[in-house]
Amino acid sequence: MASGVRNGGAGGLGSRTSSKMDRQQGSTATPKPAAGKPRLSASGGGGGAYRRTSSGPLPAAGGGGRASSDSGVSSRVRVAVRLRPRNAEEQAADADFADCVELQPELKRLKLRKNNWESDTFEFDEVLTEFSSQKRVYEVVAKPVVESVLEGYNGTIMAYGQTGTGKTFTLGRLGDEDTAARGIMVRAMEDILADITPETDTISLSYLQLYMEMIQDLLDPVNDNIAIVEDPRTGDVSLPGATVVEVRDQKNFMDLLRIGEAHRVAANTKLNTESSRSHAILMVNVRRAVKGRNEMDVSMSAENGHSSSMMGSLRPPIVRKSKLVVVDLAGSERIDKSGSEGHTLEEAKSINLSLSSLGKCINALAESSAHVPVRDSKLTRLLKDSFGGTARTSLVVTIGPSPRHRGETTSTIMFGQRAMKVQNMVKLKEEFDYKSLCRRLDIELDKLIAENERQRKYFDDEVERITTEAQCRIAEAERECKIALENEKMKYHQEYLDSIKILEEKWKVHQQSPKKQVKEEPTSSGDVQDLLQNEKMLRQSAEDDSNDLRNQLSHWKKMEATATAEVVKLRRMLDTEASQKDKLEEEIAVLKSQLMQLSLDADETRMSLDTGDGPGKIFPGLDSLMSHTRNSQPRDQSNGPKAPVAKLFEQVGLQKILSLLESEEPDVRVHAVKVVANLAAEEANQEKIVEAGGLTSLLMLLRSSEDEIIRRVAAGAIANLAMNETNQDLIMAQGGVTLLSMTASDAEDPQTLRMVAGAIANLCGNDKLQTRLRGEGGIKALLGMVKCGHPDVLAQVARGIANFAKCESRAATQGNKVGRSLLVDDGALPWIVKNANNEAAPIRRHIELALCHLAQHEVNAKDIVGEGALWELVRISRDCSREDIRMLAYRTLTSSPTLQSEMRRLRIEC
């Protein structure tokens, strides 16, 4: 399934790490910085990673179902070239012949030899030697594209080259045996999975191959002829028949890749034991929720008095949809060299035909032709968005060193050169998530209905409780009143009977004694009257008690009427709640109708966007409030329009940008210092930045900030300003070396150390600052950073030491009295000797130059001999690849009496 390159047989491709001094990336027309002072990138990316091209400000989320703007930002296709080392067959067959290519990674150039006397030179965005690691290749080729995909842009990564030159190794290597050998596909998915939020974001993929002009599904081999569907309105290409699998984690992704690789077609040819016979296409779809946009709109509405919960609930969430396409093209081949025959010959014809169609399309795009033949092949239709479309595209062309394949190597290089001329218009795609809005409204509707039912039940229970309580109280009052009346009636009846009895007894006594009755008649008559009077009083008292009972009964009846009135009131309240429920149901119906109208408006707006009528607006409050600072990312400005940073500089003003450095929001400070750093990269802006106090602000950030990103970018900006001699004096006067030394001692990030070392290295090139620089700890800070061990940091340290030694040598040449070298005093000589033959070309070149300048002074000769540097000087004079350094070492050895004496003692011939 995998070729010799794919299974690790490509002569150790990616087994050693190439250490190149990082420089700011640009197009082939980007001006080069002065020798000895390379301009450092302030983006803080990984080692060797070129500065990302900004896509400009994010479009406002303004219309229909799509929140993206029709406008885009021009972005050139970036091309890197990678050289495969010689394999066993080439080492045997081409042992007596030199490689047909010569790489100059520091200059990003490649020389293609025509013969022993003539060669052609080509420039690329990145030149990767045979020693470049897989991690290095990913960072310079693919990582910027992956970051763009995570921000919402489409991206394409593609490998092109002759069969057997390492395309599949570069893209599809799984790294089961050695994790360092992982290819771009695996590393890209690791970065994507690390950046997303599983609760709100989703990732899905399709894995296909284009075999004999048929699109086949590598995850479902039965699906072997997938049709391409093109939207007649927008021209977008899709594959609805392809299998789409949601990716949960890295292990799941690796299993899918293994399934796809097992089904990919391969064959044995003379050029490659397992040559890919199809174009493999990995499509990764990323769907991310945009956080913070809706909350910002809601807060603005509240400030303006529009705090309606209904309007807040109708704001749909925004999602960004992007797609990463990784294309492993089958290798181009010549039939006479590959030995293809039979079915393999038909496969080779199909491969060459599709690659030829791709080349024609790129030629037409590079020449701005009115017609681009994208319909000549299914491959060009699938890559329609990658070349001349809306995707950010990165291409790596792979070549071999063998002179026998010079023709194929030339064709591959010219393909890459033409691809560099292709301009894409990258666009951000944002959409409103109406499904999520509908789900949220349904949940809110269910909550309102449940709350209404709960309140209705509560009121019903309360009315029933009050009614029951009133009835019980009325019944109790009636019972008590009845008992009291019965008791009073019995009492008065008993008193009445007792009075009658007494009267009867008196009457009997009166009848028995008539005489006495006559004599006592007045008295008896008076007693009767008293008794009658008492009877009247008792009756009056009974009537009064009866009236009191009647009053109490009336009072209880009033209480019953009050309870009845309260029941009526509660029933009215119940009726009111019922009417409120009806109003709530009507409001819910209005909500549903508004939602339907909103969906209709969204469809109409989407149709208007697709037909080019311009975006509409559903809610005025949804306008994007993206600030200049957030979108002020650097981009190339070689042949395109003016960069966004320059526009920001003109529109906002330098003072406003510098004031943002003191903002209390960390994100604002980070973006502001990046803008200042990128402005400082242009010589025309440096004087304005210094005059406006920008240098003082940057040094203050180094002193006070604890944010690693801010300190790294601030150090990069100071490094750019330190390229000017006037600025160097100002940096020294404001204690810049001390601050840089403190930053180096506290930092652990290699990129921060690289920026600090670059700034000190630029200061080392000033003759007037030698003593002060050493006195404030600049040399010791440089030597302290070598403990990091990162090649990029070591390259900057070596450059600073070379600049310092060169200034000391220049002072001695001008006749100034020079004592023992300050570098030797600070203990730099052992490290110089140890790294004089470093395998990294930038480190080795600077160390060799520094050693030659130190040896020019006779006062340093004894230390040179004592540290064993004499042997390195002899090696440099014989084997150094640069003639000027080789001649300098030779003159040093022949002009120093001490070194000559030691060479005679050791019997060394120069």
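Please read these numbers as outputs of a predicted model, since none were measured by experiment.
Atoms CG and NZ, on D385 and K323 in that order, are 6.5 Å from each other to the nearest 0.5 Å. In this structure, CD in E478 is found 9.0 Å from NZ in K557, a value given to the nearest 0.5 Å. For the atom pair OG of S541 and CG of D548, the computed distance is 9.0 Å after rounding to the nearest 0.5 Å. A distance of 11.0 Å separates CE in M573 from CG in D575, rounded to the nearest 0.5 Å. In this structure, NZ on K536 lies 12.5 Å from CG on L531, to the nearest 0.5 angstrom.
For CD of E505, the number of neighbouring non-hydrogen atoms (other residues, nucleotides, ligands) closer than 6.0 Å is greater than 12. Within a 6.0 Å sphere centred on CD of E464, other residues, nucleotides and ligands contribute 12 heavy atoms or fewer. Surrounding CZ of R572 are at most 12 heavy atoms belonging to other residues, nucleotides or ligands under 6.0 Å away.
Residues V247 and N252 come closest through the heavy atom pair CA-OD1, 3.5 Å.
Looking only at distances, no side-chain donor or acceptor of T197 sits under 3.5 Å from a matching main-chain atom of E199. Remark: the backbone N or O of I203 is not paired with any side-chain donor or acceptor of N285 at under 3.5 angstrom.
The only option from R287, R288, K321 that meets the salt bridge (Lys or Arg N to Asp or Glu O under 4.0 Å) definition with D201 turns out to be R288.
Between the side chains of N154 and S322, not a single donor N or O lies within less than 3.5 Å of an accepting N or O. Between the side chains of R392 and S148, at least one donor N or O sits under 3.5 Å from an acceptor N or O. Under 3.5 Å, the side chains of D498 and Q494 contain a donor-acceptor pair of N or O atoms.
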